[in-house]
Amino acid sequence: MRERSGTPAPRRRILYGRRRGRRLRSGQRELVGRLLPALDIRLTPGEPVAPAALFPSEVDDIWLEIGFGGGEHLAWQACRNPGIGMIGCEPFVNGVARLLAEIEARNIGNIRLFRDDARLLLAELPEDSIGRIFILFPDPWPKARHHKRRIVSEPVLSHLARIMRDGAELRMATDDPGYLEWILDHVDGHEVFTEVSGADRGNRTADWPPTRYERKAAAAGRASAFLRYSRRPRRPS
Ligand SMILES: C[S@@+](CC[C@H](N)C(=O)[O-])C[C@H]1O[C@@H](n2cnc3c(N)ncnc32)[C@H](O)[C@@H]1O
């Protein structure tokens with residue numbers, strides 16, 4: 001089956017969510033100033049990012065989390081998979097500060113951070129470079145006029161298809177029935193992704209810890225869906 005031709009890369013930041021919540025406490029500000037410079041991914045116009053070079057020692061693979069919130073899932077995956085280079089994208093500075101506290105407390109060395117619109121980074125990552133991607137509880141933007149703000153979209157899926165290795169896994173979760181339908185339409189309908197969660201969409205796998213938003217949804221009585229997709233091989237063997 002033919003893959004879709006590339007969609008133009010978004011070069012302009014179009015962020016709709018919050019970048020900042022409550023003012024950071026002085027300890028958090030100190031942590032950001034001290035830890036962030038070494039972990040921060042900065043884009044240089046026209047220069048693609050070499051993801052493996054972001055890490056001080058050789059990594060077995062690169063995984064990416066888009067919209068990590070408070071970072072508890074990212075930190076868990078990083079500790080559990082020390083050979084993997086983890087890239088987390090999150091523009092919300094309070095979430096970044098929370099993750100930095102975790103990185104320091106658990107002495108985590110395999111996380112790098114992109115603190116802006118993930119789509120800007122996606123456009124600069126090389127083809128065939130990422131082994132796993134997590135998009136957990138993305139902002140649902142439930143009003144029809146806001147659907148164009150959803151991160152799950154054709155341009156983003158085209159980038160994911162391009163940067164994911166053959167057989168790489170895409171994990172997504174949502175507690176919003178309308179967004180679930182949207183994801184199924186967009187991702188199941190995309191020729192390079194095959195759903196592997198099957199009948200088990202109601203359960204996380206053992207290597208998938210809960211996030212803050214999942215807990216909030218459960219406390220409010222909302223069920224979540226957990227979706228896993230595999231990127232089809234580029235050349236069928
Ligand atoms: C509903 S929260 C979910 C957070 C976390 N994944 C969880 O499950 O607890 C969605 C997160 O996506 C982030 N986000 C929204 N748009 C984004 C974008 N374009 N790039 C990266 N992150 C984004 C928001 O700042 C927010 O932290």
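As the structure lists them, so they are numbered: ligands from 1, and atoms in each ligand from 1.
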Does a side-chain N-to-carboxylate-O contact under 4.0 Å join Arg162 and Glu127? no
Do the side chains of Glu72 and Arg98 get close enough for a salt bridge, i.e. N-O under 4.0 angstrom? no
In this structure, which one of Arg228, Arg171, Arg201 forms a salt bridge (Lys or Arg N to Asp or Glu O under 4.0 Å) with Glu195? Arg201
List every atom of ligand 1 that sits less than 4.0 Å from any heavy atom of [X], numbering the atoms from 1 in the order shown and giving each element.
X	answer
Ala118	18 (C), 19 (N), 20 (N), 21 (C)
Ile151	19 (N)
Phe137	1 (C), 2 (S), 3 (C), 8 (O), 10 (C)
Thr211	7 (C), 8 (O), 9 (O)

Consider every N or O of [X] and every N or O of ligand 1, then say whether any pair is closer than 3.5 Å.
X	value
Gly67	yes
Leu136	yes
Glu65	no

Proximity of His73 and Phe68 rings by center, below 6.0 Å: no
Trp141/His147 aromatic ring centres below 6.0 Å: no
Shortest non-hydrogen contact from Asp128 to Asp166? OD1-N, 4.0 Å
Is Gly95 near ligand 1, meaning one of its heavy atoms is under 4.0 Å from it? no
